[in-house]
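Quick caveat, the model's predicted, so the values are computed rather than measured.
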Amino acid sequence: SSGINAECPLRPGTCLKTENIQPSALTIKAGRDTTIIMSLENKFQTGEYRLYCFNDRQRDGFETNIERPRNRVHRVIDPDRLYYIFIKVKAPQAVDEGEVVNVWCVVRSINDRAIKSYRLMVTSIFD
């Protein structure tokens with residue numbers, strides 16, 4: 001499930017939780033950035049988690065730029081600690097109002113993974 005209020009599942013395991021989305025959790029202006037902060041939590045194991053982020057060019061009909069941290073590997077040493085992940089999503093300039101930007105992020109270790117998806121509706125840059 002997507003959206004800022006979708007919490008981690010109750011079952012034990014690893015999940016990506018949304019901490020903050022700026023400037024808006026629901027919309028993105030054409031040609032502008034949205035910053036998403038996630039936390040990696042409810043981890044039941046330590047180890048290296050690698051971050052992958054994708055957009056659905058096929059479905060959206062356009063390419064969305066996603067800036068990820070340079071270091072895509074998060075070394076989880078203490079399972080009780082929160083590990084924060086910052087990404088920046090940039091909507092293309094030439095996208096019609098009402099189009100939707102779809103973004104997925106996945107963190108994976110050797111035998112564990114968690115997925116988070118976001119849907120941001122494009123609004124005019126002149127709002």
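- Using a 4.5 Å heavy-atom cutoff, the side chains of E63 and N55 are in contact.
- In this structure, CD in Q22 is found 7.5 Å from CD1 in I37, a value given to the nearest 0.5 Å.
- Put simply, the side chain of R68 gets close to the backbone of C53: a donor and an acceptor are under 3.5 Å apart.
- Interatomic distance, T64 OG1 to K90 NZ, rounded to the nearest 0.5 Å: 12.0 Å.
- Heavy-atom minimum distance, E97 versus T123: CG-C, 3.8 Å.
- Membership of the apolar cluster around Y52 extends to F54, W104, V106, I115, as traced through chained side-chain contacts below 4.5 Å between ILVMFWY residues.
- The structure places CD1 of I36 at 10.0 Å from NZ of K116, a figure rounded to the nearest 0.5 Å.
- Across all non-hydrogen atoms, the minimal contact from C15 to A114 is CA-CB, 3.6 Å.
- Evaluation of the side chain to side chain donor-acceptor pair (under 3.5 Å) rule for S24 yields T27 as partners, not counting sequence neighbours.
- Partners of D96 by side chain to side chain contact (heavy atoms under 4.5 Å, CB included), not counting sequence neighbours, listed by chain and number: E99.
- Q58 is linked by a side chain to side chain contact (heavy atoms under 4.5 Å, CB included) to D56, counting only residues two or more places apart in sequence or in another chain.
- The CD1 atom of I28 lies 5.5 Å from the CG atom of L120; values are rounded to the nearest 0.5 Å.
- The closest side-chain donor-acceptor pair between Y118 and T34, if any, does not fall under 3.5 angstrom.
- One hydrophobic cluster, built from ILVMFWY side chains closer than 4.5 Å, holds both I77 and V107.
- By the side chain to side chain donor-acceptor pair (under 3.5 Å) test, R75 pairs with E48, sequence neighbours left out.
- Y49 and Y83 fall within the same hydrophobic cluster, where Ile, Leu, Val, Met, Phe, Trp and Tyr residues are linked whenever their side-chain heavy atoms come under 4.5 Å apart, directly or through other members.
- Taking each heavy atom of A30 and Q93 in turn, the nearest pair found is CB-O, 3.8 Å.
- Side-chain heavy atoms closer than 4.5 Å link hydrophobic residues (I, L, V, M, F, W, Y) into clusters, and following such links, possibly through other members, connects F62 to V89.
- Remark: S117 OG to L16 CG distance equals 10.5 Å, nearest 0.5 Å.
- A continuous path of Ile, Leu, Val, Met, Phe, Trp and Tyr side chains, each step under 4.5 Å between heavy atoms, connects I66 with I21, placing both in one hydrophobic cluster.
- Remark: N102 pairs with R59, D60, R119 by the side chain to side chain donor-acceptor pair (under 3.5 Å) rule, at least two apart or across chains.
- Taking CE from M38 and CD1 from I87, the interatomic distance works out to 4.5 Å, rounded to the nearest 0.5 Å.
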